[in-house]
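Indexing begins at 1, ligand by ligand and atom by atom, following the structure's order. Both backbone and side-chain heavy atoms feed into the values below; hydrogens, waters and symmetry mates do not. What you see is a predicted model; the values in this text were computed from it and never measured.
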Amino acid sequence: MERISISLPENLLEEFDKILREKGYVSRSEGIRDAIRSYILEHRFISQLSGEVAGTISIIYDHDAPGVLERLTDVQHDFSGVIDSSLHIHLDRHHCLEVIVVRGDSDEIKQLLNRLKATKGVKYAKLTTNVAEVPG
Ligand code: NI
């Protein structure tokens with residue numbers, strides 16, 4: 001085992017600990033190990049996608065973050081070739097949920113996902129897809 005030390009915003013740690021209590025974890029380290037495993041599995045799932053895919057990218061962002069709306073619009077215009085449509089939901093006073101329907105080349109969709117994740121103000125971005133070809 002390696003020992004690491006990390007810095008986290010207090011509210012992030014509080015929420016993480018709350019989840020650990022709900023799930024019945026007795027050790028924060030075990031919770032962090034499982035969270036890292038999930039992160040790796042998600043990365044593997046996305047890495048292995050190839051060819052044509054269809055799915056959705058959900059993002060949650062803080063609409064008060066300076067310039068975030070403009071940056072998100074720029075990114076989505078850059079990838080208009082793989083974006084079919086999008087749906088905007090005002091979650092609370094500060095947060096917006098956007099569901100972007102994507103279809104096309106998986107490499108381009110992965111790039112779009114990474115751009116969205118890297119956009120300042122975006123707190124969450126997840127690609128959901130298992131549709132490559134419909135069997136039968
Ligand atoms: Ni909104």
Side-chain angles (χ1 to χ4, degrees):
M1 288 268 187
E2 296 260 355
R3 277 185 159 271
I4 59 164
S5 133
I6 56 171
S7 306
L8 296 173
E10 200 176 318
N11 60 347
L12 187 62
L13 186 59
E14 274 170 17
E15 279 200 46
F16 188 72
D17 284 343
K18 188 168 164 249
I19 293 169
L20 294 186
R21 283 195 297 275
E22 283 169 12
K23 290 190 164 189
Y25 280 82
V26 287
S27 142
R28 186 189 268 163
S29 287
E30 187 50 34
I32 290 171
R33 283 193 285 273
D34 279 358
I36 292 175
R37 286 186 195 107
S38 294
Y39 186 85
I40 291 170
L41 286 174
E42 189 194 329
H43 177 78
R44 279 193 196 155
F45 166 74
I46 289 168
S47 300
Q48 54 82 38
L49 290 174
S50 64
E52 295 281 304
V53 295
T56 57
I57 296 175
S58 299
I59 59 172
I60 294 173
Y61 62 92
D62 177 354
H63 77 189
D64 296 322
V68 68
L69 294 173
E70 201 175 16
R71 286 194 292 274
L72 285 173
T73 303
D74 281 347
V75 173
Q76 293 192 52
H77 277 265
D78 286 347
F79 289 87
S80 60
V82 292
I83 294 177
D84 271 6
S85 62
S86 69
L87 175 71
H88 186 106
I89 299 107
H90 309 301
L91 279 184
D92 59 32
R93 274 190 85 75
H94 305 286
H95 294 100
C96 302
L97 165 66
E98 210 153 295
V99 181
I100 303 163
V101 180
V102 291
R103 185 171 58 176
D105 179 62
S106 57
D107 286 334
E108 211 175 320
I109 290 168
K110 285 182 229 177
Q111 275 178 39
L112 167 60
L113 178 67
N114 289 334
R115 284 276 300 279
L116 291 168
K117 277 184 176 169
T119 300
K120 205 164 185 277
V122 173
K123 293 184 166 176
Y124 171 89
K126 188 175 177 70
L127 170 66
T128 305
T129 174
N130 47 22
V131 183
E133 282 174 17
V134 180

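Sorted by first then second residue, the side-chain hydrogen bond (donor to acceptor under 3.5 Å, both in side chains) pairs that include residues 104-118, not counting sequence neighbours, are Asp78-Arg115. Applying the salt bridge (charged side-chain N to carboxylate O under 4.0 Å, His left out) test to residues at least two apart or on different chains, none of the pairs has a partner in residues 60-77.
Excluding waters, the set of protein N/O/S atoms under 2.8 Å from the Ni ion (ligand 1) reads His88 NE2, His90 ND1, Cys96 SG.
Within 6.0 Å of the CD atom in Glu15, the count of heavy atoms belonging to other residues, nucleotides or ligands does not exceed 12.
At distances below 3.5 Å, not a single donor-acceptor pair connects side-chain atoms of Thr119 with backbone N or O atoms of Val122.
No continuous path of ILVMFWY side-chain contacts below 4.5 Å connects Ile60 to Phe16, so the two sit in separate hydrophobic clusters.
If you chain together ILVMFWY residues whose side-chain heavy atoms come under 4.5 Å of each other, Leu41 ends up in a group of its own.
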